[in-house]
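Heads up: numbering here begins at 1 and tracks the sequence.
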Amino acid sequence: MDEQLAHLSEKDRNLFMGSFTIRALRDSRYHNTAYAVAELIDNSSEADAGHIQLLCYERTVRGKHRRQMRIDELAVIDDGKGMDAETLLDALKFGGGTQHNSPRGIGKYGMGLPTSSMSQCKRVDVWTWQNGPESVLHSSIDADEIEAGNHLVPVPDKDTPVPDVWKQAADEKLLSHQKGTLVVWSKLDKIQWKRGKSLIENTIKEVGRIHRHYIHNEIVKIEGVWFDHPARIRSEQRKQFIANDPLYLMAPNSIKEEPWNKCAMFKEWANKDYSCMVDGKEETITVRYSIVKPEALKTPIATQNPGNTDRGRHARHNIGVSVVREDREIVLEDAFLREGGSAENPQNRWWGCEVFFKRACDELFGLDHNKQMVANFTQAAKTLARDDRATDVILDEEGIEKDEDVIYKIVGDIRDQTRAMMMEIRKMFAEKRGKASRESPGSPDKKAAKTATEADRDAIAAGEEQPTPTDKERDNKPPDERIEGLTQQFVDSGSTYDDAQELARLLVNEGLGYQFNSAQLDGYQMFNVRSTQGVLHVNLNMDHPVYDLLKHIEDNINGNTDEDHPAY
């Protein structure tokens with residue numbers, strides 16, 4: 001035994017095996033390249049930068065069939081406070097950051113720069129200065145070298161100049177600023193978007209949302225640039241980052257459609273603070289809600305689905321509850337999106353919710369070191385949000401005391417509020433449909449209902465078909481009784497009483513045997529049919545791909561369209 005112990009004392013007892021550790025760290029899962037870039041922007045923000053540039057350098061490469069442009073290197077440069085030699089050395093270590101004990105700020109674990117960089121590339125170089133451009137310091141880490149056994153961060157040097165390509169491409173004011181930092185990724189092997197334009201545009205969407213509070217409050221200005229020759233950068237290759245607010249309360253915003261690019265598309269629904277004790281100190285968590293303005297659902301054609309507009313498609317990519325830490329979004333949580341039997345209910349895009357917490361609540365929310373998830377919040381959301389039972393019943397089954405766990409209390413309240421907002425949104429859509437019915441007596445759905453009803457009657461009169469139970473109910477039940485029953489059905493579905501009664505009277509008085517509705521259906525069925533009060537209600541699944549095609553055809557029909565047009 002003693003010999004075995006003596007032998008082990010001579011073995012390599014390094015806690016981290018270099019070759020395997022770097023492979024594991026390179027597999028750190030960022031949602032996409034934009035989220036990894038967001039880590040670099042976090043560092044710039046922490047350094048009090050007012051201006052940041054994301055630069056994508058493209059080169060021509062030979063593909064299988066043709067030559068094509070691909071990003072060769074990517075850089076982020078800022079006018080922040082820069083780093084001295086010791087800080088630069090620590091910044092490139094895994095866990096070597098300087099914000100460990102800071103009571104505020106975005107960073108915490110000191111993993112952002114090396115982890116985000118290694119998740120996208122094999123080499124990262126950093127140039128930084130605090131006394132003008134002539135004081136530039138440089139250092140780097142290289143995954144190939146680490147895997148080969150070199151586990152030491154190079155001592156910063158003054159002899160490695162900023163490459164000419166970045167001197168020419170970057171804003172002159174940034175490079176000539178008294179202080180600043182340039183981070184360059186090379187040996188890119190894991191980036192999601194291969195072309196500079198695609199990477200910039202997708203990063204604008206993601207980072208514009210993640211850092212929306214900084215951008216909207218003009219704390220920082222961020223610009224994206226892609227180029228293949230630094231001396232020939234055209235104006236269209238420069239893009240400004242614009243706030244992308246999933247609550248749609250900020251203006252201006254990244255929607256391209258007027259007037260919603262210049263004014264808020266949603267209005268505030270509610271705002272609530274929650275208190276909790278963390279390490280003996282009281283902390284406050286704030287939850288804000290927003291809901292679409294009725295005028296934002298209006299469309300040029302009364303029957304058009306607002307979800308098919310530019311603003312509707314924009315909102316589709318911002319669905320969920322935005323969890324924000326210190327003005328920086330961590331995740332857009334989609335566990336709350338089950339409503340009406342479908343996680344893809346299009347009406348979910350018309351409400352917003354933001355949960356804001358401070359750094360002290362990191363453990364309470366379950367923040368991970370990559371700032372990609374809040375595990376405790378997500379687990380609570382998955383437990384409560386998709387269960388239709390009362391919150392107290394669910395928590396009792398799970399053995400959780402609601403009053404003792406603020407996260408479950410918050411999640412339970414969000415579930416209730418989002419359902420209330422969905423009911424209000426359904427009413428808005430019902431009112432819109434009712435108005436469309438009043439304004440468009442010759443709309444395609446009415447013509448289809450009338451045509452189908454007449455065809456049924458002709459077939460029955462000719463002896464080709466036997467009357468169905470629906471036909472018999474329509475012909476034998478008193479009209480007033482049918483109107484009353486249909487009115488109640490439409491009210492239960494979210495229509496106002498006046499709209500419900502008007503639609504019921506229309507169906508009964510015109511003898512229509514069909515009604516076409518847009519609905520969210522379980523599964524992948526294209527439609528279903530239900531019979532009530534002598535009317536067959538044909539429910540078209542809004543989540544089915546065919547639905548968008550049908551709405552596209554309908555949206556292109558107007559009062560001047562020839563009825564012989566194929567769309568009819």
Side-chain angles (χ1 to χ4, degrees), residues 14-16 18 21-22 25-26 28 36-53 75-163 166-167 170 174-186 220 326 328 359 362 369-371:
N14 195 319
L15 185 61
F16 301 103
T21 301
I22 191 62
L25 289 169
R26 295 207 69 220
S28 293
V37 170
E39 287 280 3
L40 301 186
I41 294 176
D42 287 349
N43 293 340
S44 296
S45 298
E46 288 276 60
D48 300 324
H51 185 191
I52 303 170
Q53 273 191 317
V76 171
I77 184 171
D78 66 53
D79 60 358
K81 59 188 178 184
M83 293 178 277
D84 58 26
E86 185 174 351
T87 304
L88 173 57
L89 183 68
D90 288 339
L92 287 169
K93 298 177 184 176
F94 292 95
T98 61
Q99 300 295 322
H100 299 294
N101 299 314
S102 173
R104 287 187 60 83
I106 302 173
K108 181 175 182 179
Y109 296 102
M111 301 286 285
L113 175 57
T115 305
S116 64
S117 300
M118 290 291 103
S119 76
Q120 305 296 312
C121 68
K122 287 189 173 183
R123 181 179 176 89
V124 56
D125 288 82
V126 181
W127 288 267
T128 187
W129 56 98
Q130 293 186 314
N131 295 298
E134 64 279 357
S135 66
V136 171
L137 295 170
H138 167 266
S139 190
S140 64
I141 54 175
D142 190 298
D144 291 330
E145 294 179 8
I146 295 172
E147 192 164 353
N150 183 0
H151 302 162
L152 300 178
V153 177
V155 174
D157 69 86
K158 296 183 178 180
D159 302 323
T160 306
V162 174
W166 306 118
K167 288 183 179 179
L174 289 174
L175 283 169
S176 61
H177 196 266
Q178 188 70 11
K179 300 178 181 180
T181 298
L182 168 67
V183 178
V184 177
W185 291 350
S186 57
V220 65
E326 299 283 2
R328 194 265 198 199
R359 179 190 182 102
D362 285 355
H369 74 279
N370 286 344
K371 299 193 289 289

Legend entry - His138: which of Asp125, Asp159, Thr128 passes side chain to side chain donor-acceptor pair (under 3.5 Å): Asp125
Legend entry - Minimum-distance pair of heavy atoms, taken over all atoms of Leu40 and Ser117: CD2-OG, 4.2 Å
Inset, instruction - With rounding to the nearest 0.5 Å, note down the distance linking CG in Leu182 to CG in Leu175. - result: 7.5 Å
Legend entry - side-chain contact (heavy atoms from CB on, under 4.5 Å) partner of Glu86, chosen from Asp84, Leu89, Leu88: Asp84
Legend entry - Check: Ser135 side chain, Trp129 main-chain N or O, donor-acceptor pair, under 3.5 Å: no
Legend entry - Side chain to side chain, Ile141 and Met118, heavy atoms closer than 4.5 Å: yes
Legend entry - Close side-chain approach of Thr181 to Met83, heavy-atom, < 4.5 Å: yes
Legend entry - Shortest non-hydrogen contact from Pro156 toward Ala85: CG-O, 3.5 Å
Legend entry - Exercise: identify the closest heavy-atom pair between Lys81 and Gln130: O-NE2, 3.2 Å
Inset, instruction - For the pair Glu39 and Thr115, evaluate side chain to side chain contact (heavy atoms under 4.5 Å, CB included) and give the outcome as yes or no after the intermediate values. - result: CA-CA 9 Å; Glu39 287 280 3; Thr115 305; over 6 Å; no
Inset, instruction - Looking only at non-hydrogen atoms, find the nearest pair between Val153 and Ser140 and report the distance. - result: CG1-O, 4.5 Å
Legend entry - Intermediate values then yes/no, side chain to side chain contact (heavy atoms under 4.5 Å, CB included), Val124 and Leu92: CA-CA 9 Å; Val124 56; Leu92 287 169; 4.3 Å; yes
Inset, instruction - Assess whether side chain to side chain contact (heavy atoms under 4.5 Å, CB included) is satisfied between Ser44 and Val220, documenting all intermediate values. - result: CA-CA 9 Å; Ser44 296; Val220 65; over 6 Å; no
Inset, instruction - Measure the OG-CD distance between Ser45 and Glu326 for me, rounded to the nearest 0.5 Å. - result: 12.5 Å
Inset, instruction - State which residues pass salt bridge (Lys or Arg N to Asp or Glu O under 4.0 Å) with Asp48; sequence neighbours excluded, sorted by chain then number. - result: none
Legend entry - Inter-residue atom distance Asp362.CG - Lys371.NZ, 0.5 Å rounding: 9.5 Å
Inset, instruction - Count the heavy atoms of every other residue, nucleotide or ligand shown that sit under 6.0 Å from NZ of Lys158, and state whether that count exceeds 12. - result: no
Inset, instruction - Would you confirm whether Ser119, through its side chain, and Ser116, through its main-chain N or O, come within 3.5 Å as a donor-acceptor pair? - result: yes
Legend entry - Closest non-hydrogen atom pair between Pro133 and Ser176, with its separation: CG-CA, 3.8 Å
Legend entry - Between CD on residue Glu147 and NZ on residue Lys122, distance to nearest 0.5 Å: 7.5 Å
Inset, instruction - Indicate the atoms forming the closest heavy-atom contact of Ser139 with Pro154, along with that distance. - result: OG-O, 2.9 Å
Legend entry - Ion pair Asp90/Lys93, N-O distance below 4.0 Å: yes
Inset, instruction - Take Ile77 and Trp127 through the test side chain to side chain contact (heavy atoms under 4.5 Å, CB included) and record every step on the way to the result. - result: CA-CA 9 Å; Ile77 184 171; Trp127 288 267; over 6 Å; no
